[in-house]
Amino acid sequence: MLTLYRNQSAVELRAHQPDGSFDGRATATLSDPTNDEVTERISALTSGAQGLGELPSGVPTDLPVIELWLPGLSISYSTGYPPTGVVELDETLAAILDDLSHCRSSERMTVDADCEQLAYVPD
């Protein structure tokens with residue numbers, strides 16, 4: 001299981017094996033444009049300026065579930081099938097997750113020097 005935490009521009013990814021054992025963590029600092037983008041998207045959702053939209057139809061039931069915990073709002077959906085109002089935030093978070101799980105700096109963020117490439121990274 002991968003859990004992504006965000007506190008302002010600091011992000012931390014923690015990994016646990018399916019049996020619950022701790023597998024490592026990776027930390028990074030989001031670039032200002034990425035942090036601003038994530039903040040704006042979350043603010044639009046939590047303020048109601050951006051509606052959640054509709055869930056896609058025909059979603060397979062055997063996919064892992066993503067849970068977004070935002071201030072005053074919790075959203076759950078199957079991996080790869082976000083509600084229409086959450087698609088852009090989901091895409092941004094997926095890119096952050098991919099880079100961070102591989103300790104890969106990018107235009108989105110700079111990984112910390114002590115970043116641990118995680119052994120357990122689901123496909």
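Atom set for the values below is all heavy atoms of this structure, side chains included, hydrogens, waters and symmetry mates excluded.
Using a 4.5 Å cut-off on side-chain heavy atoms (C-beta onward), V38 and I96 make contact. Annotation: side chain of I42 is in contact with side chain of P71 (closest heavy-atom distance under 4.5 Å). Side-chain contact between L100 and M109 is present, with at least one heavy-atom pair separated by less than 4.5 Å. Taking the side chain as every heavy atom from C-beta outward, R41 and Q50 never approach each other to under 4.5 Å.
S9 places no side-chain N or O within donor-acceptor distance of the main-chain N or O of N35, the cut-off being under 3.5 Å. Side-chain atoms of R6 come within 3.5 Å of backbone N or O of Q8 as a donor-acceptor pair. The main-chain N or O of T29 is never found under 3.5 Å from a side-chain atom of T110 such that the two would form a donor-acceptor pair. S74 places no side-chain N or O within 3.5 Å of a backbone atom of W69 that could act as its donor or acceptor partner. Side chain of S101 to main chain of L97: a donor-acceptor pair is present (N/O by atom type, distance under 3.5 Å, no hydrogens or angles).
Following chains of ILVMFWY side-chain contacts shorter than 4.5 Å, one cannot reach L68 starting from V87, and the two form parts of different hydrophobic clusters. A continuous path of Ile, Leu, Val, Met, Phe, Trp and Tyr side chains, each step under 4.5 Å between heavy atoms, connects L73 with I66, placing both in one hydrophobic cluster.
Interatomic distance, R14 CZ to T27 OG1, rounded to the nearest 0.5 Å: 10.5 Å. The distance from the CG atom of D32 to the CD atom of E37 is 13.0 Å, given to the nearest 0.5 Å. Here the CG atom belonging to L45 is positioned 5.5 Å from the CD1 atom belonging to I75, to the nearest 0.5 angstrom. Atom CG of L13 and atom SG of C103 lie 9.0 Å apart (nearest 0.5 Å). In this structure, D98 CG and R108 CZ are separated by 7.5 Å, a value rounded to the nearest 0.5 Å. Going from atom CG of L30 over to atom OG1 of T92 covers 10.5 Å, rounded to the nearest 0.5 Å.
Listed by chain and residue number, Y77 satisfy the side chain to side chain donor-acceptor pair (under 3.5 Å) test with D90 (two or more places apart in sequence, or in another chain).
Here the closest non-hydrogen pair linking P56 and P82 is CD-O, 3.5 Å.
Residues V59, L63 make up the rest of the hydrophobic cluster containing Y81, defined by ILVMFWY side-chain heavy atoms closer than 4.5 Å, directly or through other members.
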